[in-house]
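By convention in this document, chain letters (A, B, ...) are assigned in the order of the sequence lines, proteins followed by strands, and residues within each chain are numbered from 1.
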Number of protein chains: 2
Amino acid sequence: MGESRRVTLKDIARSLGVSVNTVSRALADKDSVGEDTRARIKAEAARLGYVPNSMARSLVLGSAMTLGLVITNPSNPFYSQLISTIEQRGRTHGYSLMLLVTEESPEVDRRAAETLLRWGVDGALVVPVQGEGEHWERLDESGIPLVCLNRDLPTLDLDFVGVDYEHGAYEATRHLIDGGARSLRLLEEDLPISPVAERTAGFRKALAEAGISSAGDPVISVPTRRRESLALPWEPADAYRLAQDIVDQGDLPDAVMVGNDYFALGVYRALTEAGLRVGDDVLVGGFGDHPFSAYLSPGLTTVRLPAAQIGTAAVDLLLNRIRGGSHGGGDNAAAEKRRERCDLVVRASSRASKGTMT
Amino acid sequence: MGESRRVTLKDIARSLGVSVNTVSRALADKDSVGEDTRARIKAEAARLGYVPNSMARSLVLGSAMTLGLVITNPSNPFYSQLISTIEQRGRTHGYSLMLLVTEESPEVDRRAAETLLRWGVDGALVVPVQGEGEHWERLDESGIPLVCLNRDLPTLDLDFVGVDYEHGAYEATRHLIDGGARSLRLLEEDLPISPVAERTAGFRKALAEAGISSAGDPVISVPTRRRESLALPWEPADAYRLAQDIVDQGDLPDAVMVGNDYFALGVYRALTEAGLRVGDDVLVGGFGDHPFSAYLSPGLTTVRLPAAQIGTAAVDLLLNRIRGGSHGGGDNAAAEKRRERCDLVVRASSRASKGTMT
DNA sequence: TTGAAAGCGCTAACAG
DNA sequence: CTGTTAGCGCTTTCAA
């Protein structure tokens, strides 16, 4: 069964001997239609299995009731939480979601902006790939409002909702210092993106306040290999190798911060293999509070990221912009840059367990 | 700057004094247009910043060049990998992706099918929520082909691409038995979905072949609490509690299989806290080979799931169905049920390290 | 209250 | 080679 062709308003109209737009209005529950007619029309629509055509509707209405979401890597647990939150919140407001994955490719990022423009989404949420990003500004100026997620493009006048990484890094580092650490390191991704810069700043600030200085730079960039199979989160192996180097060089720090919990996995292994005890010989702090972090031994002290809050805040801000109307001007409303507070979760990896530190 | 209104074919046509569809054909690189005219049109289109309207195009062409992806939980790492792979492969074929998240809600699942129908996607990939699912069959019969991902709906005549969980569970269980285990347990989610059923079957099969029987049922259902914050992967805590119970009851198994690596985290903790050593006193095997699993101590023996293969295979199958044309008949081609092989990754959690088992 | 006509932006027939 | 006409499915004027 199932003649493929979809039922249209015209089918219902013809079947009932009324006009197309009487059907349209009846189904839209407009007042200007007789009760009896409306009932007959609704019954017939149900009988025929009518489903409105969103394409046609959007074309005439000028709005697709669709949001675009541009993500670098859905396998990053922070981003996957954002995806969930955003889809769900958008949906409760009647919006469908178009998802684009950029894999850190500037080229794909650029095309994503165009795709969104072609589809005429009502707004977009984007984790921008490193680089210029003026195409996002152009999209915004074309009348499609957008808010940047997690990564800020400071030189551009675009809305932004992210994490207060600087505060988080500062708190975590202070916590390590309070625990007795005097020689610290920070392992960070080697991407020129705002979260890295902000965590680094927070880390340095805490060190400076404590009057800690070191011979070399305590901030170490982890050369992340090109992920062979796309769609993996960070690779602990990269941090593992680097942590091994640090151990081998003999100049052992008494605390290590890492930019994400996956790096901590690598650090744990390198230390353990060297006969060192995490939380004892070396304190470790991470970022993300991923589900596994509480279950490592020792449990990982880490900064929890308010993914749900950020997703919600970003969607709400975007919807405001959308409703704000004529967005093409640019001088409509100043860009809003918003950073949500994140909190430190203290676990055993930062609590010296051997005894009191002397 | 930025008069919001988008540039249309008509704008270009008027600006150049030609007809709308000459512009259309020039831009579409159809042959029937003069070289000079074509050049002028293209130049003007570029100058004006013309971007085609996908809505309008789709409406007349009858295809939106869009795929629907319906996922229960993007935070499940297996699904997030599927999302990446599918988006990327769809994109290389020119398809955009509409993403819907169902959170295991039958209601949302039902509506997802209707949303996809309204948008007239060319095809859909869906991880169906437990339950009837005839709405998916209806969607298929409406001419929108779909393939089920990971979870089969065996009673429905729908295409399916998933994992050969039975084989994986069988191999893993055999491996544990070969390692000396005689008293095993399987901890599984309490969802009535095909992956759980298949893993259970594989587990039981291995036990039966080895002539192992036990007083109680070795398969234990982990009552998963309603996740408070949506968008979390499985909750290790649930497995943790259950593993504690098992330990407390005294009837300690010498090996534990779990349906996913997150459960293994809970099992690890319960055993460790009881003074037992994983891989030694109790062997543990998991499913998923999540990024953290190699970095636990001991490393977790687990079944690796071929997410990329499955995503790719599913998209390719779907595109074939789409191109296969008139899909409404039902008797067009029998549903294809395809299960990809998965392999066991052996690590220390299944290798008794204390000494030879006696 | 209902119908007829026009148009969203685009493509696909036809003519010329 | 190019322009005219028609139409995708729907909504919104405007008359009747």
Side-chain angles (χ1 to χ4, degrees), chain A residues 4-42 44-45 48-66 114 117-122 142-144, chain B residues 4-42 44-45 48-66 114 117-122 142-144:
Chain A
S4 229
R5 204 180 64 70
R6 276 173 64 166
V7 178
T8 71
L9 289 188
K10 201 198 276 181
D11 297 321
I12 302 178
R14 189 171 28 201
S15 160
L16 251 40
V18 295
S19 86
V20 173
N21 74 24
T22 301
V23 178
S24 173
R25 287 178 315 213
L27 261 25
D29 274 322
K30 305 245 174 180
D31 33 352
S32 50
V33 56
E35 272 315 315
D36 43 333
T37 337
R38 182 196 310 285
R40 282 173 53 228
I41 289 176
K42 287 204 168 177
E44 187 67 1
L48 259 33
Y50 170 73
V51 176
N53 182 327
S54 292
M55 292 309 231
R57 191 156 203 282
S58 302
L59 186 60
V60 48
L61 256 17
S63 160
M65 287 303 282
T66 297
E114 189 181 327
L117 192 50
R118 292 170 106 102
W119 279 108
V121 297
D122 296 273
S142 304
I144 296 184
Chain B
S4 224
R5 203 181 65 70
R6 276 175 64 166
V7 178
T8 71
L9 289 188
K10 202 197 278 180
D11 296 321
I12 302 178
R14 190 170 27 199
S15 160
L16 251 42
V18 295
S19 85
V20 172
N21 77 17
T22 300
V23 179
S24 171
R25 284 178 317 211
L27 262 25
D29 274 320
K30 305 246 172 176
D31 34 350
S32 49
V33 55
E35 271 316 314
D36 42 334
T37 337
R38 183 197 309 283
R40 282 174 53 231
I41 288 175
K42 286 202 170 179
E44 187 67 1
L48 261 32
Y50 170 73
V51 175
N53 182 325
S54 292
M55 290 310 226
R57 190 158 203 281
S58 300
L59 185 60
V60 48
L61 257 16
S63 160
M65 286 303 281
T66 298
E114 188 179 328
L117 192 51
R118 292 170 106 101
W119 279 108
V121 297
D122 296 275
S142 305
I144 296 183

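- The side chain to side chain donor-acceptor pair (under 3.5 Å) test applied to A:T22 returns A:S19, not counting sequence neighbours.
- For A:V20, the side chain to side chain contact (heavy atoms under 4.5 Å, CB included) partners two or more places apart in sequence, or in a different chain, are A:L9, A:K10, A:A13.
- For the salt bridge (Lys or Arg N to Asp or Glu O under 4.0 Å) condition, the pairs that include at least one residue of residues 13-22 of chain A, sequence neighbours left out, are A:D11-A:R14.
- Between B:R118 atom CZ and D:dC8 atom P the separation is 21 Å, expressed in whole Å.
- Scanning both residues, A:L117 and A:S142, for their nearest heavy atoms gives CD1-CB, 4.0 Å.
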Detail all sub-3.5 Å separations between protein N/O atoms and N/O atoms belonging to nucleotides 12-16 of chain D.
from: D:dT12; atom 1: OP2; to: A:K30; atom 2: NZ; distance (Å): 3.2
from: D:dT12; atom 1: O4; to: A:N21; atom 2: ND2; distance (Å): 2.8

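- For A:N53, there are no side chain to side chain donor-acceptor pair (under 3.5 Å) partners, not counting sequence neighbours.
- Between chain B and DNA chain C, the heavy-atom contact criterion of under 4.0 Å yields a 5' to 3' nucleotide range of C:dC8 to C:dA13.
- Near DNA chain D, meaning a heavy atom under 4.0 Å away, there are no residues from residues 49-57 of chain B.
- In this view, A:K42 and A:D29 satisfy the side chain to side chain donor-acceptor pair (under 3.5 Å) rule, not counting sequence neighbours.
- The side chain to side chain contact (heavy atoms under 4.5 Å, CB included) check on B:L48 picks up B:V7, B:I12, B:E44, with sequence neighbours excluded.
- Residues that satisfy the side chain to side chain donor-acceptor pair (under 3.5 Å) test with B:R118, not counting sequence neighbours, are B:E114.
- One axis for each end of the helix from C:dT1-D:dA16 to C:dG16-D:dC1, each built from five base pairs, and the angle between them comes to 50° at 10° resolution.
- Within the nucleic acid shown, A:S32 comes within 4.0 Å of at least one base atom, counting heavy atoms only.
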